[in-house]
Structures are given as C-alpha cells and as structure tokens.
Amino acid sequence: MIRVLLADDQPLIRAGFKALLEMTDDISVVGEAGNGGEAVELCRALLPDVVLLDVRMPLLDGIQATRRIGADTELDAVRVVILTNYALDEYVFAALRAGASGFLVKDIEPADLLQSVRVVAQGDALLSPAITRRLIEEYVSTPPRPVPGPGLDRLTDREREVLSLVATGMSNEEIAGHLTISHATAKTHVSRTMTKLGARDRAQLVVHAYESGLVTPGGPGPDRRG
C-alpha cells in the first residue's frame, strides 16, 4: 500500500485528489495538511511514502516545506511531489533543488495522477522529457557560476555521458537506445551515478548536471534519431 499525504490550502483540491487516489487498491491517503508547516509535522508523525505538496501555501510554502523534509534524516524515504497550477511555475526548479522528486500540474488526468504516485513511490523521479527541457530553458538560462559538485570527478566518462542525457529528460530506455546499450546497463549507469553524487533520484541528477556545468542551458541536446 502506497501511503500518501496531501498538502494544499484549498480543501476542494484536497478532496478531489483524495477521491481519485482512494479509488485504487494500492494507494491510501493517510493525512491532509492545509499549509507547509502542517505538512512537515504530519510527515514526521505519519511517515508517508509520497507527499503531494502545493507550492504556494500560507505560513510555510512548498519549497520551504520540501527543504525541511529533505533535511530531516528520519524522512529520507519520503518522496515529495510539488503540485502547481502551471507547467512552468517559477518555483518548480527551486523545489527540485530543495529535494523534490518532481512535480504535477493540478489539471492532470486521473489515470496519470495514479501512475505518477506509483512512479515516485518506486523511487523514480517525476520529470517527463518535455517538461524537463522546458524547465531548464526557462529557469536555468542564467544559472550561477558552475561549481563542480562533490563526486563529479569520480564519475567515469560513460557515467558523465549518462548524466548529461538524464539532464535532457531522457528515460533509461531512451538512454539505452541513444548509447546502443541494454536497458539494464543504462539503469545500472544511472544508479551508480546517483550513488556517487549522493542523489536521491533523477531530479537531483538534473540539478547536479546543470549546477556543475557538465551541461549548459540552451546547449544542443542529443540527437534522438539514432
């Protein structure tokens, strides 16, 4: 059973998401919060698998709440997904940097919502290739001066290549096709890269890739035809 915590200051939004999530046999809503402070407290009390967290809330916003959850070692297994009204929200990249595993727009289709919760609960990041590219172009176009992240120098050439592909939003299957390797091998490279960089998921790999200067916003992406 996937345990979900809902955090949104609009009761109607929470009610709608709860109704959809509890239509399934494998997802249970274990708590609801009306602001970020309550969300953090309930995370500590309930230890949910996934938190659906509105980015804009009173008292403590989604980014600050995400940062507090990510900094609490007892909440290492909790995955945060940011809820937003727009596909390009000015706070989304900041949320990823704070430790979120991805984000969802609130007008998501019901079936996609359920699948997204399952994906994040399994430890994967919720970043589609299209959304990742748009986020990078829009909000990382003027990044701070690149600073090599810890562990980047320990990556092999292949792992660096895989990291750069992850940063474009490629899935493991797409990486495998691009590099002409098996899906299992691609998954192994991604997993080892995450371990070396201390990243919890693919979302943090994207942040590492851009903040380290390994890839640059607006730069040429990989040719997906090959």
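When every heavy atom of Thr193 is checked against every heavy atom of His189, the shortest pair comes out as OG1-O, 2.7 Å. The nearest pair of heavy atoms linking Arg154 to Glu159 is O-OE1, 4.2 Å. Nearest heavy-atom pair across Ala33 and Ala39 is CB-N, 3.5 Å. Across all their heavy atoms, Cys43 and Val51 have their closest contact at SG-CG2, 3.4 Å. Contact detail for Ala100 and Thr66: the closest heavy-atom pair is N-CG2, 3.5 Å. Considering every non-hydrogen atom in both Gly62 and Ile82, the closest pair reads O-CD1, 4.2 Å.
Shown here is Asp157, whose CG atom has no more than 12 heavy atoms of other residues, nucleotides or ligands within 6.0 Å. In Arg68, the CZ atom is not crowded: 12 or fewer heavy atoms of neighbouring residues, nucleotides or ligands sit closer than 6.0 Å.
Sorted by first and then second residue, the salt bridge (Lys or Arg N to Asp or Glu O under 4.0 Å) pairs involving residues 19-31 (not counting sequence neighbours) are Asp26-Arg118.
Each of Leu205, Thr185, Leu165 was checked for a side chain to side chain contact (heavy atoms under 4.5 Å, CB included) with Val190, and the lone residue meeting it is Leu205.
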How far apart are the C-alpha atoms of Ser116 and Val81, what are their side-chain angles, what is the distance that settles it, and do they pass the side-chain contact (heavy atoms from CB on, under 4.5 Å) test?
CA-CA 9 Å; Ser116 297; Val81 175; over 6 Å; no

How far apart are the C-alpha atoms of Val162 and Leu155, what are their side-chain angles, what is the distance that settles it, and do they pass the side-chain contact (heavy atoms from CB on, under 4.5 Å) test?
CA-CA 10 Å; Val162 167; Leu155 298 183; over 6 Å; no

Residues Thr156, Lys196; criterion side-chain contact (heavy atoms from CB on, under 4.5 Å); working and verdict:
CA-CA 10 Å; Thr156 65; Lys196 290 183 179 181; 4.1 Å; yes

Show your reasoning for whether side-chain contact (heavy atoms from CB on, under 4.5 Å) applies to Leu21 and Leu114.
CA-CA 6 Å; Leu21 292 170; Leu114 300 177; 3.9 Å; yes

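How far CD1 of Ile181 is from CD1 of Ile175: 7.5 Å, rounded to the nearest 0.5 Å. Here the CZ-CZ distance, from Arg158 to Arg192, works out to 12.5 Å after rounding to the nearest 0.5 Å. How far CD of Gln122 is from CZ of Arg79: 12.0 Å, rounded to the nearest 0.5 Å. The distance from atom CG of Asn35 to atom CG of Asp8, rounded to the nearest 0.5 Å, is 11.0 Å. Note that CG of Leu5 and CG of Leu47 are 11.0 Å apart. Values are rounded to the nearest 0.5 Å. One finds the CZ atom of Arg56 at 11.5 Å from the CD atom of Gln10 (value rounded to the nearest 0.5 Å).
Residues Leu83 and Phe17 have side chains in contact (heavy-atom distance under 4.5 Å, counting atoms from C-beta outward). The shortest side-chain heavy-atom distance between Val29 and Arg14 does not fall under the 4.5 Å cut-off. Side-chain contact between Leu163 and Leu197 is present, with at least one heavy-atom pair separated by less than 4.5 Å.
For Lys18, the salt bridge (Lys or Arg N to Asp or Glu O under 4.0 Å) criterion is met by Glu32, not counting sequence neighbours. Applying the salt bridge (Lys or Arg N to Asp or Glu O under 4.0 Å) criterion to Arg44, with sequence neighbours excluded, gives Asp72.
Residues Val117 and Met23 share a hydrophobic cluster, clusters being chains of Ile/Leu/Val/Met/Phe/Trp/Tyr side chains in contact below 4.5 Å. The hydrophobic clustering, which links ILVMFWY residues whose side-chain heavy atoms are closer than 4.5 Å, places Val55 and Leu59 apart. A continuous path of hydrophobic side-chain contacts links Leu46 to Ile69 [ILVMFWY only; heavy atoms under 4.5 Å].
Side-chain atoms of Ser191 never come within 3.5 Å of backbone atoms of Lys187 as a donor-acceptor pair (strictly under, hydrogens ignored). Glu38 contributes a side-chain N or O that, together with a main-chain N or O of Gly34, makes up a donor-acceptor pair within less than 3.5 Å.
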